[in-house]
Amino acid sequence: MGNSTSCCVSSSPKLRRNAHSRLEPYRPEPELSREDTGCNLQHISDRENIDELNMEYNPSDHPRASTIFLSKSQTDVREKRKSLYVNHQHPSGPMRRKYSSCSTIFLDDSTVSQPNLKYTIKCVALAIYYHIKNRYVFHVVGGMMLLDIFDEKLHPLSKLEVPSDYDKHDPEQKQIYRFVRTLFSAAQLTAECAIVTLVYLERLLTYAEIDICPANWKRIVLGAILLASKVWDDQAVWNVDYCQILKDITVEDMNELERQFLELLQFNINVPSSVYAKYYFDLRSLSEANNLSFPLEPLSRDKAQKLEAISRLCDDKYKDMRKAAKKRSVSADNLTLVRWSPAIIS
């Protein structure tokens with residue numbers, strides 16, 4: 001993953017895969033130590049025991065730990081509600097939200113297994129925005145670190161000159177959304193990949209004890225998207241394909257970004273389903289608190305029939321499972337008793 005040789009075989013993913021299918025048979029070579037190869041990759045035995053890390057600081061590993069972005073957003077949400085209360089304004093402005101009634105039922109098309117792509121990307125961009133804006137609220141011990149691989153001044157994403165005050169101004173939410181949406185649209189990534197991207201981003205901030213700031217947010221997000229697309233999607237986007245999206249970045253830079261991102265994650269790319277579900281529902285909570293509700297549509301007859309069919313199918317499935325798991329008691333007709341004969345002691 002991220003090998004420079006495999007990335008430069010061809011500009012077409014189909015041709016690259018065909019070229020790899022014609023590789024020569026594997027011939028074992030004599031083992032070399034890490035000192036002989038000059039490789040600085042961390043051995044699996046040298047990794048920290050992730051289970052020993054405090055659950056409170058690892059929301060990307062444990063489903064019961066609170067997500068960082070939701071905690072950082074609470075300060076702004078409380079201030080907004082307080083300001084609206086003082087000014088006697090309704091929190092959502094005019095009554096635009098649709099509510100279900102006896103005659104009409106409104107539903108959104110986003111579920112935990114099939115999230116809405118557009119609004120999921122908006123929520124992820126909003127979560128990244130709060131990470132940058134309130135980066136000093138939950139500051140890590142030891143001070144802020146800015147690794148060179150994520151510094152946009154040292155590794156620019158375009159040939160345009162980076163402003164001297166590039167690390168002074170926080171990006172707007174719309175700017176973050178446009179950057180993420182451009183990558184997802186060009187690479188044709190899914191909404192689930194956006195959620196996994198946020199999981200990897202918070203895991204990086206926790207493991208490496210760094211902050212996301214105006215100077216490094218683009219490259220951190222790019223590295224998280226790059227890794228999430230390879231882990232989540234069956235047909236991953238190659239590093240050279242990202243170079244076609246970001247015209248001025250090199251394959252070598254993409255490979256190095258991926259390698260160091262993996263090392264900082266301690267090669268822990270596993271995302272449990274419980275953690276994924278927690279991030280999805282926390283993103284929905286974030287959207288509701290910021291009046292970024294998912295679009296509601298009236299329940300049509302066709303959609304109601306499909307929901308009824310799915311419900312009936314699931315009910316039959318679980319009914320069979322419950323019937324198979326139910327313990328049957330022994331009936332009185334087939335009951336066999338052990339007869340005890342009196343012992344005769346002579």
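No hydrogens, no waters, no symmetry mates; every other heavy atom, side chains included, goes into these values. Just so you know, residue 1 is the first one in the sequence shown, and it goes up from there.
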Engineer: Hey, quick one: are V112 and I195 part of the same hydrophobic cluster, counting side-chain heavy atoms closer than 4.5 Å, chains of contacts allowed?
Structural biologist: yes

Engineer: Measure across P59 and E202 and return the closest heavy-atom pair with its distance rounded to 0.1 Å.
Structural biologist: CG-OE1, 3.7 Å

Engineer: What do you reckon, is NZ of K153 surrounded by more than 12 foreign heavy atoms closer than 6.0 Å?
Structural biologist: yes

Engineer: Would you say F184 and T120 make side-chain contact, with heavy atoms under 4.5 Å?
Structural biologist: no

Engineer: Which residues pass the side chain to side chain donor-acceptor pair (under 3.5 Å) test with D170, not counting sequence neighbours?
Structural biologist: R135

Engineer: Taking the inter-plane angle between the rings of W232 and Y276 on a 0 to 90° scale, is it parallel (under 30°), tilted (30 to 60°) or perpendicular (over 60°)?
Structural biologist: parallel

Engineer: Applying salt bridge (Lys or Arg N to Asp or Glu O under 4.0 Å), name anything that partners D282, two or more places apart in sequence or on another chain.
Structural biologist: none

Engineer: Under a 4.5 Å cut-off applied to non-hydrogen side-chain atoms, are L204 and L265 in contact?
Structural biologist: yes

Engineer: CD of E172: more than 12 outside heavy atoms within 6.0 angstrom?
Structural biologist: no

Engineer: In terms of hydrophobic clustering (I, L, V, M, F, W, Y; side-chain heavy atoms under 4.5 Å; direct or indirect links), are F281 and V275 co-clustered?
Structural biologist: yes

Engineer: Of all heavy-atom pairs between R219 and I149, which one has the smallest distance, and what is that distance?
Structural biologist: NE-O, 2.6 Å

Engineer: Side chains of I225 and Y200: closer than 4.5 Å at any heavy-atom pair?
Structural biologist: no

Engineer: Working to the nearest 0.5 Å, report the span between CG of D233 and OG1 of T190.
Structural biologist: 4.5 Å

Engineer: Does I220 reach the side chain of I210, with side-chain heavy atoms less than 4.5 Å apart?
Structural biologist: yes

Engineer: Looking at every heavy atom in both L147 and L264, which two are closest together, and how far apart are they?
Structural biologist: CD1-CD1, 3.4 Å

Engineer: Please confirm whether the backbone N or O of T250 pairs with a side-chain atom of D253, one donor and one acceptor, at under 3.5 Å?
Structural biologist: no

Engineer: Walk me through whether L205 and I212 qualify under side chain to side chain contact (heavy atoms under 4.5 Å, CB included).
Structural biologist: CA-CA 7 Å; L205 302 183; I212 183 170; 4.1 Å; yes

Engineer: Identify the two heavy atoms, one from E192 and one from S113, that lie closest to each other, and give their separation to 0.1 Å.
Structural biologist: OE2-O, 3.0 Å

Engineer: Would the distance check show the side chain of K278 and the main-chain N or O of H62 forming a donor-acceptor pair, the cut-off being under 3.5 Å?
Structural biologist: yes

Engineer: Applying a strict under-4.5 Å side-chain criterion to I, L, V, M, F, W and Y, I'd like to know whether F267 and L201 cluster together.
Structural biologist: yes

Engineer: Looking at CG of L183 and CG of L246, how far apart are the two atoms once the value is rounded to the nearest 0.5 Å?
Structural biologist: 5.5 Å

Engineer: Centre of Y130's six-membered ring, under 6.0 Å away, within 45 degrees of the axis: is that where NZ or CZ of K133 sits?
Structural biologist: no

Engineer: Report the C-alpha separation of L257 and F150 in whole Å, then their side-chain angles, then the decisive distance to 0.1 Å, and conclude whether the side chain to side chain contact (heavy atoms under 4.5 Å, CB included) test is met.
Structural biologist: CA-CA 8 Å; L257 175 65; F150 299 124; 3.5 Å; yes

Engineer: List the atom of N116, the atom of K118, and the distance in Å for their closest heavy-atom pair.
Structural biologist: OD1-N, 3.2 Å

Engineer: Can you tell me how far apart CG (L154) and CG (D148) are? Round to the nearest 0.5 Å.
Structural biologist: 5.0 Å

Engineer: Classify the angle between the aromatic ring planes of F179 and W217 as parallel (below 30°), tilted (30 to 60°) or perpendicular (above 60°).
Structural biologist: perpendicular

Engineer: Honestly curious: do V124 and I245 fall in one hydrophobic cluster under the side-chain, below-4.5 Å linking rule?
Structural biologist: yes

Engineer: Answer yes or no: is there a side-chain heavy-atom contact under 4.5 Å between V231 and V196?
Structural biologist: no

Engineer: Can you confirm whether E256 sits close enough to E252 that some side-chain heavy atom of one is under 4.5 Å from a side-chain heavy atom of the other?
Structural biologist: no

Engineer: With side chains defined as the heavy atoms from C-beta onward, is the minimum distance between Y177 and Y129 less than 4.5 Å?
Structural biologist: no

Engineer: Taking the side chain from T206 and the backbone from R203, do they hold a donor-acceptor pair closer than 3.5 Å?
Structural biologist: no

Engineer: Mind checking the CG-CD spacing from L286 to Q74? Nearest 0.5 Å is all I need.
Structural biologist: 8.5 Å

Engineer: Checking I269 against K230 for the side chain to side chain contact (heavy atoms under 4.5 Å, CB included) test, could you report, in this order, the C-alpha distance in whole Å, the side-chain angles of both residues, the deciding distance, and whether it holds?
Structural biologist: CA-CA 10 Å; I269 57 176; K230 291 190 174 184; over 6 Å; no

Engineer: NE2/H155 to CD/E152 distance, rounded to the nearest 0.5 angstrom?
Structural biologist: 11.5 Å

Engineer: On a heavy-atom basis, which atom in H169 and which in D165 lie closest, and how many Å separate them?
Structural biologist: NE2-OD2, 2.9 Å

Engineer: Might you work through the side chain to side chain contact (heavy atoms under 4.5 Å, CB included) test for C213 and N216, ending with a clear yes or no?
Structural biologist: CA-CA 6 Å; C213 62; N216 63 8; 3.5 Å; yes

Engineer: Does a side-chain heavy-atom distance below 4.5 Å link D61 with Y207?
Structural biologist: yes

Engineer: To the nearest 0.5 angstrom, please state how far the CZ atom of F261 sits from the CG atom of L226.
Structural biologist: 9.0 Å

